[in-house]
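Below is one structure, written out as structure tokens; comments come after it.
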4 protein chains.
Amino acid sequence: MKKKLPRREREKLRHRTEMLATALDLFSEKGYHNVSMHEIAEKAEFAIGTLYKFFKNKEDLYKALIMAKAGEYHRILSDVLSEKNDVQTTLKDYISAKAKIFADSVPTLRLYFAETHGASFNIKAGLDQDIGKLYEKLVKQLTSVLERGIRSKVLRELDPYYMAVALEGLTNSFLFCWLEDPDRHPYEANVPVITDMFLNGVLR
Amino acid sequence: MKKKLPRREREKLRHRTEMLATALDLFSEKGYHNVSMHEIAEKAEFAIGTLYKFFKNKEDLYKALIMAKAGEYHRILSDVLSEKNDVQTTLKDYISAKAKIFADSVPTLRLYFAETHGASFNIKAGLDQDIGKLYEKLVKQLTSVLERGIRSKVLRELDPYYMAVALEGLTNSFLFCWLEDPDRHPYEANVPVITDMFLNGVLR
Amino acid sequence: MKKKLPRREREKLRHRTEMLATALDLFSEKGYHNVSMHEIAEKAEFAIGTLYKFFKNKEDLYKALIMAKAGEYHRILSDVLSEKNDVQTTLKDYISAKAKIFADSVPTLRLYFAETHGASFNIKAGLDQDIGKLYEKLVKQLTSVLERGIRSKVLRELDPYYMAVALEGLTNSFLFCWLEDPDRHPYEANVPVITDMFLNGVLR
Amino acid sequence: MKKKLPRREREKLRHRTEMLATALDLFSEKGYHNVSMHEIAEKAEFAIGTLYKFFKNKEDLYKALIMAKAGEYHRILSDVLSEKNDVQTTLKDYISAKAKIFADSVPTLRLYFAETHGASFNIKAGLDQDIGKLYEKLVKQLTSVLERGIRSKVLRELDPYYMAVALEGLTNSFLFCWLEDPDRHPYEANVPVITDMFLNGVLR
DNA sequence: CATGAATGAGGGTTCATTCAT
DNA sequence: AATGAATGAACCCTCATTCAT
């Protein structure tokens with residue numbers, strides 16, 4: 001039973017979604033500061049005033065955009081981490097999930113990294129905080145998965161938080177590779193490589 | 001005997017250096033687009049016109065800044081990678097060197113990541129190319145060190161390029177940690193952790 | 001019935017016209033380079049941004065100004081030259097028309113001469129070409145009128161193009177006189193003098 | 001006995017002349033407002049400070065330039081008008097002299113017209129007045145030559161001032177022609193045409 | 001006396017945001 | 001509710017001019 005929204009409301013939501021999609025495209029392509037509100041409004045085929053009816057200013061629009069996408073992604077990854085498999089499987093699934101997510105949406109990826117990796121210092125405001133919390137939550141979940149692995153004697157007795165940090169670094173690094181040259185460095189094909197390297201290290 | 005420069009020239013160089021330092025501080029704190037040339041000039045205590053005598057425009061100033069720092073860092077790391085130690089030592093030294101470098105200059109670190117990790121898509125133009133080449137060179141060097149490790153049967157027979165990518169991801173990830181909370185996550189203290197994790201993996 | 005334009009459009013047009021009028025006054029009084037866009041906006045009682053909504057830059061505004069006026073004048077003169085009277089009458093009418101036109105608008109006159117007589121080398125760009133063509137067309141028409149006069153044995157067998165050049169010089173020269181001291185040298189009153197001198201020369 | 005100037009003075013004069021020559025080239029090519037003092041200094045191979053030792057500001061330099069050239073030209077034309085030949089000869093000589101002068105120096109010609117024909121409203125200041133006086137003097141001389149022609153019954157009983165105006169218009173008009181396309185409309189070759197048209201008119 | 005580094009007012013232009021219709 | 005004309009602060013940059021060396 002989802003259709004409780006009156007038509008008016010549904011229309012509004014659709015408009016909002018269109019605006020966000022257009023903004024994502026433009027921001028991702030040209031960067032926050034090189035996209036004007038007029039440009040967004042025009043490409044989304046709305047009047048500038050209408051855009052401002054939906055988002056109180058440019059920053060707000062940007063924040064809404066990032067938070068929507070980040071929420072979506074983190075939910076997916078969170079789900080993977082919540083499944084009660086053995087640790088090795090969970091980690092492999094996590095690495096794969098990250099691959100699938102980003103393969104779907106390159107534009108978002110760029111913004112996501114800009115935000116989660118401090119490059120966002122370009123854009124003002126409390127975004128850092130909000131998205132930071134979201135990210136922190138994910139890392140915590142990952143940490144507790146790894147903790148479980150340690151307790152079950154599958155993983156070594158290293159700081160599980162730092163293990164999580166390491167895994168994030170590993171996967172992101174390969175994602176950058178893929179972003180720069182998707183054909184030469186297909187992320188998905190490298191999932192086993194990443195997993196293997198993480199689990200076994202590089203030493204013979 | 002370096003003082004062959006006439007005093008006028010030395011003064012000029014000092015002024016240039018001061019301007020660059022001020023710009024670094026501001027860019028690092030607020031981001032390229034949120035810093036105006038007037039702001040830089042004022043904080044550096046020069047007239048706006050003087051700033052433009054030294055750098056033909058804002059982008060040029062930014063580029064000079066980035067390239068100077070990036071050049072410096074890459075040289076240091078390159079030196080470490082060139083020393084003819086056994087692979088394990090070299091890698092440990094590399095990880096340490098990265099730590100020392102960045103411990104010296106947080107502001108630069110932020111810009112450096114913004115540039116080498118694509119968050120720079122905010123700033124236009126040829127910078128990507130120039131700094132990209134520099135970075136590529138470094139990764140290549142790292143790759144050849146790892147190759148050596150493989151040939152000498154110290155490292156496993158994995159793609160050495162991907163090993164390098166992994167190591168970069170690992171170290172950067174810990175650097176971010178440190179950037180966010182230097183006291184709780186001292187990078188230098190973690191050098192052994194990183195090295196160990198990279199070499200041995202996390203599996204028991 | 002011309003009022004098919006919606007009120008909004010009519011207002012816009014009126015605003016544009018006001019801006020152009022203000023710009024004409026200022027340019028004519030002080031010269032292109034000594035008038036700032038801010039000055040124009042302020043005198044026209046619009047915000048600077050509004051000015052830029054109508055004209056994409058200063059040069060564009062200037063060009064719009066010149067071309068509008070030049071088009072108008074050349075059309076009037078062209079009409080006179082097209083009427084099928086005998087040559088002498090046509091020439092007299094032409095000289096008179098020039099008088100009437102310019103008597104109406106001294107400011108424009110200044111700009112017009114600046115542009116048609118090369119003083120415009122101060123302002124860049126394609127204007128020269130556009131207005132040049134317009135002027136050329138006019139001179140051609142004048143030439144063909146004079147040619148007709150020659151064929152009908154009313155005028156001497158001189159190069160008709162040079163005759164046209166001579167007539168232009170004659171009239172413009174008197175216009176300058178008038179511009180400098182309108183009371184002492186009323187152009188209109190001199191129309192017979194000019195006509196007579198052109199037709200009969202000064203020799204007894 | 002001209003060498004009374006000490007060497008220092010002579011050098012200074014030479015420098016001044018070089019500066020003026022460079023400025024003339026640049027102004028003529030690009031227009032007053034599109035040439036910077038630095039540009040002049042650099043092209044003349046002097047320091048900017050030196051330029052300012054010779055001319056107290058840009059306007060002053062421009063004025064010095066114009067006045068020097070205008071003075072020179074007007075002197076030549078004045079000499080022609082002072083010779084005691086019959087009117088027709090004098091007029092023909094005058095037209096020829098104008099040709100010779102300008103053939104020598106196209107750059108100056110452009111500036112000269114900009115100044116004597118009101119296009120100079122671009123540049124501020126008292127120049128108008130000074131050069132205006134010079135020009136007025138010339139026209140007066142021309143007028144008195146024509147007056148003489150009338151008194152001696154060679155010329156018709158028209159207002160001699162207006163005759164002068166007419167002659168100026170005629171010659172200038174042909175000069176413009178020549179400026180635009182020197183090959184197709186050689187001024188010198190047209191001296192007889194101009195003279196003839198002025199004296200005899202175009203009527204059969 | 002020549003030099004050229006330094007100055008800063010002022011110019012052209014953009015764009016986030018408002019508000020009358 | 002939707003529109004888009006109007007706004008003006010703020011930006012990047014130029015260049016005439018000064019003055020310590």
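Order of the sequence lines sets the chain letters (A, B, ...), proteins ahead of strands, with each chain counted from 1.
As rounded to whole Å, 13 Å separates atom P of dA5(E) from atom CG of L13(B). Between the CD1 atom of I40(C) and the C1' atom of dG12(E) there is a distance of 11 Å, rounded to whole Å. Straight-line distance from the CG atom of L61(C) to the P atom of dT13(E): 10 Å, rounded to whole Å. Summarising the geometry, the separation between CD on E45(B) and P on dA6(E) is reported as 14 Å, rounded to the nearest angstrom. Taking atom CZ of residue R16(D) and atom P of nucleotide dC1(E), one finds them 16 Å apart after rounding to whole Å. Across the protein-nucleic acid pair, F54(B) atom CZ and dG4(E) atom P stand 14 Å apart, rounded to whole Å. Counting to the nearest Å, the C1' atom of dC12(F) and the CG atom of D60(B) are 14 Å from each other. Atom pair R14(C):CZ and dA5(F):C1' shows a separation of 13 Å (rounding to whole Å applied).
With distances taken from any side-chain atom of K12(A) to the nucleotides dG4(E), dA1(F), dA5(E), the minimum falls on dA1(F).
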- [ ] Can you run through DNA chain F from 5' to 3' and write each base as (, ), [, ], | or . depending on how it pairs? Watson-Crick or G-U wobble, both distances under 3.5 Å.
- [x] .||||||||||||||||||||
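Remark: K58(D) fails to qualify as a cation-pi partner of Y52(D) under the 6.0 Å distance and 45° angle criteria applied to the six-membered ring.
Separation of atoms NE2 (H33(B)) and NZ (K30(B)) is listed at 14.5 Å; rounding is to 0.5 Å. Note that CZ of F55(B) and CG of D60(B) are 7.5 Å apart. Values are rounded to the nearest 0.5 Å.
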TODO: For side chain to side chain contact (heavy atoms under 4.5 Å, CB included), just list the numbers for I40(A) and I48(A), CA-CA rounded to whole Å, side-chain angles, deciding distance to a tenth of an Å, and then say yes or no.
DONE: CA-CA 8 Å; I40(A) 297 170; I48(A) 182 72; over 6 Å; no
Check: residues 12-23 of chain A side-chain donor-acceptor pairs under 3.5 Å, at least two apart:
residue, atom, partner, partner atom, Å
R14(A), NH1, E18(A), OE2, 3.1
R14(A), NH2, E11(A), OE2, 2.6
T17(A), OG1, L13(A), O, 2.8
T22(A), OG1, E18(A), O, 2.9

Open item on the list: Generate the contact string for nucleotides 15-21 of chain F. Rules: B means base contact, S means sugar-phosphate contact only, - means no protein heavy atom under 4.0 Å.
Closed with: BSBB--S
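Within the nucleic acid shown, F55(A) has no heavy atom closer than 4.0 Å to any nucleic acid atom.
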